[in-house]
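Just below is one structure, and these are the notes that go with it.
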Amino acid sequence: MASTSSSTKVQYLQRQAASLLLYQSIVQGEVGMAFLELLQAIRYTDADARGCLQAYGSYFHALAARNQNWEDYLIIQLLLSDNPFTRLAGVQEFEDLPPALVAAVQHDLQILQSLYKCSSASLSEWIQGVAQMPISPVVWYKEQELIGVETKFVTYLQELDNWGDAVEELAAYYRQYGSGLFAEYRALRWQAGQFIGIRYSDPIKMSALVGYESQRDALLKNTEFLLAGEMALHVLLYGSRGSGKSSLVKSLLNEYSHRSLRLLEVAKSDLKDLPEIVEHLRGVSQKFIIFVDDLSFEEDDDAFKALKVVLEGNLTARPQNVVVYATSNRRHLIREFFVDRPNPKDNEEIHAWDTMQEKLSFSDRFGLTLTFEPADQKTYLKIVQHLAAQAEINLTQEDLEYQALQWATRHNGRSGRTARQFIDFLKADLTLFGTNNNAFNT
């Protein structure tokens, strides 16, 4: 049976949680709901012991599934929350925020501090009293691990006597790091009309890419413009397959995510939503590269029209925190057939040549076009040697180059992708079998 004092504390916490004004999402997720259901189960002095134990089990399971303590969960959700205050604080100075909004945050922070102090250990002790158990249930606990948030602010909050005093510092945090999905994830995709976070993005590092240094430097400079708040150019990376165009764009995320760069993948089939996507990103504190891979169009493609609007602009001003980086194997992005070429004898379209030129010049609408020529033997071997050094493959240069050329002949030709596949195979072969005789015979 629960004591009267613990029952009173539980009812107080329930009222507190119910009175949240802006941060309701913290208690609406799986962990938050399990916490509230546990409070409800142990609310009364004559609470059902079996129901309390089941509710505690659900709460324990929810924490274990996220691999987080209750305190860590609450703080992380606080810092990642998406609500009117977090959105405004991300783009406005603190002095310009509505006073009522600031007061609501002060109110919510004091409540969240009360919930924070309700530790899993305390809940376990209450359950022990309700169920009249000889020992308290196992407490979920792990060493603090705050992934995806700035720990300096977390330490400040944990040491503060009254969280209500942290509103201005919290606003500064949102202004620097953002909130919601864009704060939680470095990479996202647009899918079925919404943003989806990518938890495990490609780890490719720029240091692994070699052979196209001038193109890399031009892309880096343009990306620096974006990060500095200047008007960066839209970029088309055009060239042969396997030359590292996509890898170069993805490596930017691992180079600059600490400076609030985000990579948003948009499939060709979803390009029709591009104007809507750009409006969603307008005014967000992070900088966005909209990444479109393997771009090409058919005639009268709606995606072509949508991309044209974003590249050329319309009456709506282009946001300075968004840029499009697209890759393609085609220099002219719209497929052209000989039958499309106007015949002066045909009496069809008067300005047919103008129409064809419109198609062929679409790629010119990108402010910067970077060309990736097919790798010659020298470039291919340079890439192989670079990757082999990173993989710590101990072969003579003569053996390495011989096997690399044999691999290219038997597989996909000379390219950065072929070099990567060769090194991956060779490393696995050496690790498992201690031999290097199979790489070019496969």
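All residue numbers in this chain count up from 1 along the given sequence.
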Are the charged groups of Glu213 and Lys382 less than 4.0 angstrom apart, N to O? yes
Using modelled atom types and a 3.5 Å cut-off, is there a donor and acceptor pairing between side-chain atoms of Glu265 and backbone atoms of Trp190? no
Given 3.5 Å as the limit, does a donor-acceptor pair link the side chain of Ser251 with the main chain of Lys205, or not? no
Check whether His234 reaches the backbone of Val324 with its side chain - one donor and one acceptor, N or O, closer than 3.5 Å. yes
Distance-only, no hydrogens or angles: does the Asp273 side chain make a donor-acceptor pair with backbone N or O of Glu276 under 3.5 Å? no
Is a side-chain N or O of Thr86 found less than 3.5 angstrom from the main chain of Asn83, in a donor-acceptor match? yes
Determine whether Phe288 and Phe182 satisfy the following criterion, ring-ring contact (aromatic ring centres under 6.0 Å, His included), listing intermediate values before the conclusion. CA-CA 10 Å; Phe288 293 88; Phe182 301 138; 4.9 Å; yes
If we count only N and O atoms by modelled type, under 3.5 Å, do the side chains of Gln385 and Glu401 hold a donor and an acceptor together? yes
Asp294 side chain vs Ser328 backbone, donor-acceptor pair below 3.5 Å: no
Thinking salt bridges, do Lys117 and Glu71 make one under a 4.0 Å N-O criterion? no
Tell me whether the count of non-hydrogen atoms from other residues, nucleotides or ligands lying under 6.0 Å of CG in Asp161 goes above 12. no
Run Glu398 and Tyr402 through side chain to side chain donor-acceptor pair (under 3.5 Å) and show every step you take. CA-CA 6 Å; Glu398 183 180 359; Tyr402 175 75; over 6 Å; no
Charged N to carboxylate O below 4.0 Å: is that the case for Asp376 and Arg414? no
Using side chain to side chain donor-acceptor pair (under 3.5 Å), reason through Tyr73 and Arg66 one step at a time and then give a plain yes or no. CA-CA 9 Å; Tyr73 167 82; Arg66 292 186 67 97; 5.7 Å; no
Polar contact flag, side-chain donor to acceptor under 3.5 angstrom, Thr396-Asp399: yes
Begin from the C-alpha positions of Arg282 and Asn321 and carry the test side chain to side chain donor-acceptor pair (under 3.5 Å) through to its verdict. CA-CA 7 Å; Arg282 184 186 300 276; Asn321 67 324; over 6 Å; no
How about Tyr156: does its OH atom have over 12 heavy atoms from other parts shown lying under 6.0 Å from it? yes
Is it the case that the side chain of Gln215 and the backbone of Thr371 share a donor-acceptor pair, with hydrogens and angles ignored and the cut-off at 3.5 Å? yes
For Lys142, is there any backbone N or O sitting under 3.5 Å from a side-chain donor or acceptor partner on Asn69? yes
Kindly give the heavy-atom pair with the smallest separation between Ala62 and Val31, and that separation in Å. O-CG2, 3.7 Å
For Ala232 and Asn222, which heavy atoms make the closest approach, and how far apart are they? CB-O, 3.5 Å
Check for me whether the distance between the ring centres of Tyr116 and Trp163 falls short of 6.0 Å. yes
Could you tell me whether the side chain of Ser122 and the main chain of Cys118 form a donor-acceptor pair under 3.5 Å? no
Regarding Arg259 and Glu224, does a basic nitrogen lie under 4.0 Å from an acidic carboxylate oxygen? yes
Can you give me the closest heavy-atom contact between Leu22 and Pro84, atom names plus distance? CD2-CD, 4.1 Å
Inspect the surroundings of CZ in Arg241 and state if more than 12 heavy atoms from other residues, nucleotides or ligands are less than 6.0 Å away. no
Distance only, no hydrogens: is a donor on one side chain within 3.5 Å (strictly under) of an acceptor on the other, for Ser120 and Tyr59? yes
Residues Lys221 and Asp217 bridged, charged N to O under 4.0 Å: no
State the CZ-CD1 distance between Arg262 and Ile198, to the nearest 0.5 angstrom. 12.5 Å
Minimum heavy-atom distance between Leu226 and Ile289, given as atom pair plus value: CD2-CG1, 4.0 Å
Is there a donor-acceptor contact under 3.5 Å from the side chain of Trp70 to the main chain of Leu115? yes
Any idea how His280 and Phe195 line up, ring-wise: parallel (<30°), tilted (30 to 60°), or perpendicular (>60°)? perpendicular
For the pair Glu230 and Gln320, evaluate side chain to side chain donor-acceptor pair (under 3.5 Å) and give the outcome as yes or no after the intermediate values. CA-CA 7 Å; Glu230 301 295 334; Gln320 288 189 228; 5.5 Å; no
OG/Ser19 to CD/Gln24 distance, rounded to the nearest 0.5 angstrom? 9.5 Å
Centroid-centroid distance, Phe291 to Tyr325, less than 6.0 Å: no
Can you tell me which residue among Thr223, Val292, Asp202, Leu237 is in a side-chain contact (heavy atoms from CB on, under 4.5 Å) with Val249? Leu237
Beyond-backbone contact of Ser25 with Ser81, side-chain heavy atoms, under 4.5 angstrom: yes
